[in-house]
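Worksheet: one structure, shown below.
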There are 2 protein chains.
Amino acid sequence: MRQNDTLDFVHHGDKYFLHHLSIDCVIFGYHERQLKVLLLKWKNAEKWSLPGGFIKLEETLEDAASRILTERTGLSQLFLQQFHTFGEPKRSVRTAADIAHLESIWKTDVPKEHWLLKRTVSIGYYSVTEYSQVNPQPDYLSDECTWHDIHSIPQLVFDHNLIVTEALKALRMQINLQPIGYNLLPKKFTLPEIHDLYETILDKKLDRRNFPKKLLSLGIIKKLDEQKSIGAHRSPFLYKFDKRKYDKALKEGIVLAF
Amino acid sequence: MRQNDTLDFVHHGDKYFLHHLSIDCVIFGYHERQLKVLLLKWKNAEKWSLPGGFIKLEETLEDAASRILTERTGLSQLFLQQFHTFGEPKRSVRTAADIAHLESIWKTDVPKEHWLLKRTVSIGYYSVTEYSQVNPQPDYLSDECTWHDIHSIPQLVFDHNLIVTEALKALRMQINLQPIGYNLLPKKFTLPEIHDLYETILDKKLDRRNFPKKLLSLGIIKKLDEQKSIGAHRSPFLYKFDKRKYDKALKEGIVLAF
DNA sequence: AGTTTATTCTGTGAAAAATACGCAATGGTA
DNA sequence: TACCATTGCGTATTTTTCACAGAATAAACT
């Protein structure tokens, strides 16, 4: 089955997919002050890569990104954001195939003008998710599918290290223009929790006293009368997002300038 | 000659260019409080379009964007910035060809799987230039090549109206993170001149008295001892960019928050 | 067992800095 | 001397910075 899938993809993929184009997804995972990236390890290869794939002939770019992500990792319903398109001439799927388990297929008979040997331009998407509850599943092309800390990313195939760097840059810029956290925090959360989230993503200290003021004055978060017990310390108040104002800020943009 | 070029492009372009991919450039032109966009009018057609073209097999995306721009408009050496990739499934060059002077070629014999009929994903680039000294020249595919005020852009082919809107959004966001003006103003300029530039691009009022403070405190511009004569009015002081700090801000980013 | 002390985290108010804005001063021309 | 765009000044308002008081619990002590 799986071997047939692979053969079909290699030999007939050119009829289903746009040539020269691919999509790569940088999925950031957040949990308890840690920011990670989801990487796949190809079968019989030592190098890691981003989840990626091709675009069907009659599919929007967003749909393709979403489908690829689900196929490769089992994750779905993520908010994906396009951030840059990478197209150095030397990029091609061949390099990948060389180190993957497709090797045996190539060795037998590979026409010089095969679609997978062509130069490939890749459109980059990123997303952020809470990773503690999620259990990503590798597909038939991959051995492993695991989270890697943003500070210790291994060497990746092609220009994928560059893609991760650029995605992180885009995410950090985006955070100043759109709210974040609705999908990353529990329904009710404390100020330290959302504060930690922002500090981790931006990788810098944010003043504990000023931080809530902006979000509160914009009405994006609201204070509740409840408090959370956190053991041997003063109980922090709980907050929740004001979904209407949150969505409005998401749509129209804001200037947080953290 | 020109007809031969066209025929060669239509019949053999598939051997020189990446399929399914194109580049569109939004060139903003600034002059005396006016922001315009450079548009081409195709021969024998009433609709306007952005300058665009295809990517050669062994060419970086940036080189392609730069080459396309020079070929279509005669402009060169512009700083181009990639901002988004557009790929709705219905996009194809065919729609364009239908209304262009290539019509006659299509009518005779056009194979269903011709490369120009395929779905096309377009990578968007933008730039800003001083347009008063520039005289854009249409190429052999176009009748006209003229500047259109940002507030009265005609109906464009495909999704080009959307591309212009998105480019403008990206430019306005970019302005808050990087300095602008080095290529748009004379070596020595007055505060009102650079003030007008920012107001025009952002399309909103900026306080006349506080505006210079940010640029001066960041050291990006420096006051000179000279003044400029502007007729029957008080002579404004001249300023110049501090190229080192300007380039540093360009590279590392700043937060202007206008 | 009850009380005190120590620790660690949350929460706010007051001072400083930056920004907004009205208004007056400047300088060049007619 | 009237005009007008540019410039500078002074005060009101907002935003940012910063330090200490308060709360909750565990451990130590009597």
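First the proteins, then the strands, lettered A, B, ... as listed; each starts at 1.
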>> Expressed as a whole number of angstroms, how long is the span from A:Arg209:CZ to D:dT15:P?
In response: 18 Å

> Short question: side chain of A:Thr129, backbone of A:Tyr131 - any donor-acceptor pair under 3.5 Å?
Replying inline: no

> Of the nucleotides D:dA24, D:dT16, C:dC21, which one has an atom closest to the side chain of A:Gln227?
Replying inline: D:dA24

> Rounding to a whole Å, what distance do you find between B:Phe211:CZ and C:dA18:C1'?
Replying inline: 17 Å

>> Can you confirm whether A:Arg244 is buried at CZ, in the sense that more than 12 heavy atoms of other residues, nucleotides or ligands lie under 6.0 Å from that atom?
In response: no

> Tell me: NZ of A:Lys214 to P of D:dT14, nearest whole Å?
Replying inline: 17 Å

> Backbone N or O of B:Gly52 within a donor-acceptor pair of the B:Arg72 side chain at under 3.5 Å?
Replying inline: yes

>> Check this one for me: any side-chain N or O of B:Asn210 less than 4.0 Å away from OP1 or OP2 of C:dT19?
In response: no

Side-chain donor-acceptor pairs under 3.5 Å in residues 227-238 of chain A, sequence neighbours left out?
from	atom 1	to	atom 2	distance (Å)
A:Gln227	NE2	A:Ser235	O	2.8
A:Lys228	NZ	A:Glu193	OE2	2.7

> Between C:dA18 atom P and A:Lys213 atom NZ, what is the distance in whole Å?
Replying inline: 16 Å

>> Can you confirm if the NZ or CZ of A:Lys243 lies within 45° of the ring axis of A:Tyr182 and under 6.0 Å from the centre of its six-membered ring?
In response: yes

> Are A:Glu59 and A:Arg67 close enough for a salt bridge, meaning some N to O gap below 4.0 Å?
Replying inline: yes

>> Donor-acceptor pair, distance only, cut-off 3.5 Å: does the side chain of A:Asp24 make one with the backbone of A:Val164?
In response: no

>> Tell me whether B:Ser142 contacts the main-chain N or O of B:Asp139 through its side chain, where contact means a donor paired with an acceptor under 3.5 Å.
In response: no

>> Nearest whole Å is fine: how far is D:dT7 P from B:Asp225 CG?
In response: 14 Å

>> Please list, in numerical order, the residues of residues 188-206 of chain A that have a heavy atom closer than 4.0 Å to any atom of DNA chain D.
In response: none

>> Heavy atoms within less than 4.0 Å of DNA chain C: which residues of residues 229-242 of chain A have one? Give them sorted by number.
In response: A:His233, A:Arg234, A:Pro236, A:Phe237

>> Between P on D:dT7 and CG on B:Leu224, what's the gap in Å once rounded to a whole number?
In response: 12 Å

> Reckon B:Lys223 has a side-chain N or O less than 4.0 Å from the OP1 or OP2 of D:dG8?
Replying inline: yes

>> Measure CZ/B:Arg208 against P/D:dA5 and give the value in whole Å, please.
In response: 11 Å

> Do NZ/NE/NH1/NH2 and the carboxylate oxygens of B:Lys188 and B:Glu226 come within less than 4.0 Å?
Replying inline: yes

>> In whole Å, I'd like the distance from the CG atom of A:Asp207 to the P atom of D:dA19.
In response: 10 Å

